[in-house]
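Here is the structure we will look at.
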Amino acid sequence: MITRNIGKLIRGKTTPFQVLSACILGAMLGFVPGFQQGPGLIAALVFLLIILNANLFVAGLAGLLAKAVSLAILPVTFAAGAVLLDGPTQPLFKAAINAPVLALFRLDYYATTGGTLLGFTLGLAVGAALVVAINSIRHKLAGLEESSEKFQQLTRKKWVKVLTFVFVGGGKGKRSYNDLLAKKVGNPIRILGVVLVVLLCALLYVGQALLAEPIVTMALKRGLESANGATVDMKSAKLDVKQGKLTISSLAMADPKALDTDLFRASEVTADVNTDDLLRMRLKLDNVTVADGSSGDKRAVRGHLVGGGPRPLPPPPPKEGEKTIDDYIKEAQLWKDRLAQVRKWIEKASGPDKDRPTEPAKPGEEAKKETLKQRLAREVRENGYTHVTASHLVDKVPTLLVRTLDAKGVKAAQLPGEILDISAHNLSTQPWLVEGKPTVSVATRSNKLAANIAVGGKAAAGQPTEADKLYFKYLGLPTSVVASQLTAVADGGKKPIDGGTIDLLLDGSWSAQGVGFIDLPLQVTLHDTTVSLRGAGSAPVKLLDLPLGLRGPLDNPRILLDGNKLGDALAKAGAAELASRARGEASKAIEKATDKLKDKAGDKAKDLLNKLPLGSKKK
């Protein structure tokens, strides 16, 4: 009964120290956003509550109050964390974030660090106010106890003692209220609590293998979900500490762009694990192998997004003849969304957020980089206040590192009948801390598709290093698959291509704009295809090499198709008449654009003359 607990605070042996320590520890617990955001901090505060002779009832009330307040002032908590983590005290917190055991406190979460400070402050204030209130009541009761005969007679009556015991609880015994007021600290340590904590620590030390497994599972799941951007499920994750082996059963990673399907699924994943840095919340995996890998399978339970989607970036300022992806593809947004997800993965593997452009560079200008303040604001919008971390403070060893990964014989629903082999190296949550470039290679055993991506640091002049490569090849793509997505650009609503197959080749480096931005040709080769152009007609071609220029963000590039080069390619392919018409249409387009420029220039000149004084016009 709550009244009995309150009665014990006033009439019992509770000291100001017990009340104050209970309020502080309870409030700090209430301000921890969740177990993921501070498992070590929660354990430490609970251990302190057990060891210190704090009043558990007061701690519970303080915790509930603090939790309600923390939810109401979450932006303030986050701001306090930003001041601590990115202000003058940054070196202190950086050392704690990277220290064994203290890393388990997860002080890299802004909400956790800010909550620790605000929780302590609120607990101190509430505790002090409660101590003053209790002492004030005890002072009044002490005065009545000493000077009021009626009060003394009333408290000696049996029925009053019974009601007091039922509703207020046990009394102070033979002690007076003045005796209670004189005792400020009492016994600060709960002996039974010390014994219990020592036993728990001993059990954890003896059974550290049992502790290692949940830490590995939590770190792995968190790292994979952060990289994937959607739900990651696993039936079990078994760790053999002696052998340094990790076995994951039934891994399923939801597709962020199709949450009812799995982007990747495997019956079993095995890896060599380095457990030296587990107490620093660091996980290093090597020789990762995958059994029964597949992609595109339907999920029994729909997944959910983890964090926000990729940042949308506009295409760069257009040059003459360039168009956007929307001008060519009917369902452009679907392609943009998928390519944006690819760009997000590539950016995560490339380097710190501060190196990423916020928008395409304008001619003659350097690309604008995302500041720390901008990154935090973006991640708060995407993930919420409680899931934003100071990842830039992680030092020496990344949170998650996959040194080598091999997935052989992967089946993909998007490529029926094809078998893929996937290999990757040096994938991590903080790639700037890893020696060696992050690389990913995907290839079908039929040699129909191959892709290689290598990202890493930049040269001193700001140009990509030789290792920063992008290669994509797709042979024999049925033209019908592409034509169904293209906008009609020929007379009578005809598709620009019909029949035959297409080969695609993209080979080069990332642009000087940075990783995720391209400025290179896409070589398109048409085989046995009928080509149709607006105003030029149609013609069959046996082999047509069509060079396209791509420039800008990977998911929203500018596309250049030069009319004269198209004419040359058509002539070479044997469609001379269509080539002549194509050049003619290109010339008309240029003349039309030139006339528009002349008209605009003329209009501006007329406007300028009209604004001049009349005398000036005569001159």
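For this chain, numbers begin at 1 and follow the sequence in order. Below, all heavy atoms of this structure are taken into account, side chains as well, without hydrogens, waters or symmetry copies. It should be emphasised that the depicted structure is a prediction, and the values quoted were computed from it without experimental measurement.
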Distance-only, no hydrogens or angles: does the T89 side chain make a donor-acceptor pair with backbone N or O of L92 under 3.5 Å? no

Go through the steps for N452 and S441 under the test side-chain hydrogen bond (donor to acceptor under 3.5 Å, both in side chains), then give the verdict. CA-CA 4 Å; N452 293 285; S441 298; 2.5 Å; yes

Ignoring hydrogens and geometry, is there a side-chain-to-backbone donor-acceptor pair from T247 to T270 under 3.5 Å? no

Quick one: does any side-chain atom of T112 pair with a main-chain N or O of Q37 as donor and acceptor, under 3.5 Å? yes

What is the distance from atom CG of L224 to atom CD1 of I248, rounded to the nearest 0.5 Å? 7.0 Å

Show the nearest heavy-atom pair for residues H425 and T404, with the distance to one decimal. ND1-CG2, 3.5 Å

Flag side-chain contact, heavy atom, 4.5 Å: N274 against D286: no

Where the side chain of D233 meets the backbone of A252, is there a donor-acceptor pair that is under 3.5 Å apart? no

Could you check whether any side-chain N or O of K221 sits under 3.5 Å from a backbone N or O of V232, counting only pairs where one atom can act as donor and the other as acceptor? yes

For the residue pair V273 and L285, establish whether any side-chain heavy-atom pair is separated by less than 4.5 Å. yes

Between the side chain of T261 and the main-chain N/O of G296, is any donor-acceptor distance below 3.5 Å? no

Value for OG1 (T116) from CG (L41), rounded to nearest 0.5 Å, stands at 5.0 Å

What are the two closest heavy atoms between L433 and V394, and how far apart are they? CD1-O, 3.6 Å

Examine distances only and state if a side-chain atom of Q430 and a backbone atom of D395 form a donor-acceptor pair shorter than 3.5 Å. no

What are the two closest non-hydrogen atoms of H387 and N383, and how far apart are they? ND1-O, 3.6 Å

Shortest non-hydrogen pair, D86 vs H392, comes out as OD1-NE2, 2.9 Å

Identify the heavy atoms of M28 and G119 that sit nearest to each other, and give their distance. CG-C, 3.8 Å

Closest heavy-atom contact between R299 and M253? NH1-C, 4.4 Å

K235 NZ: over 12 foreign heavy atoms closer than 6.0 Å: no

Would a 4.5 Å heavy-atom cut-off, applied to side chains only, mark L520 and L506 as touching? yes

Can any side-chain N or O of T113 pair as donor or acceptor with the backbone N or O of Y110 at less than 3.5 Å? no

Backbone N or O of N98 within a donor-acceptor pair of the R282 side chain at under 3.5 Å? no

Are any non-hydrogen side-chain atoms of L45 and L49 less than 4.5 angstrom apart? no

Kindly indicate whether the side chain of L118, heavy atoms from C-beta on, has any atom under 4.5 Å from the side chain of V76. yes

Exam field: side chain Q18 to backbone N53, donor-acceptor pair closer than 3.5 Å: yes

Roughly how far, to the nearest 0.5 Å, is the CG atom of L61 from the CG atom of L130? 9.0 Å

Does the distance from a Lys or Arg side-chain N to an Asp or Glu carboxylate O, for D108 and R106, drop under 4.0 Å? yes

Tell me which pairs pass salt bridge (charged side-chain N to carboxylate O under 4.0 Å, His left out) where either residue lies in residues 62-82, with sequence neighbours left out. none

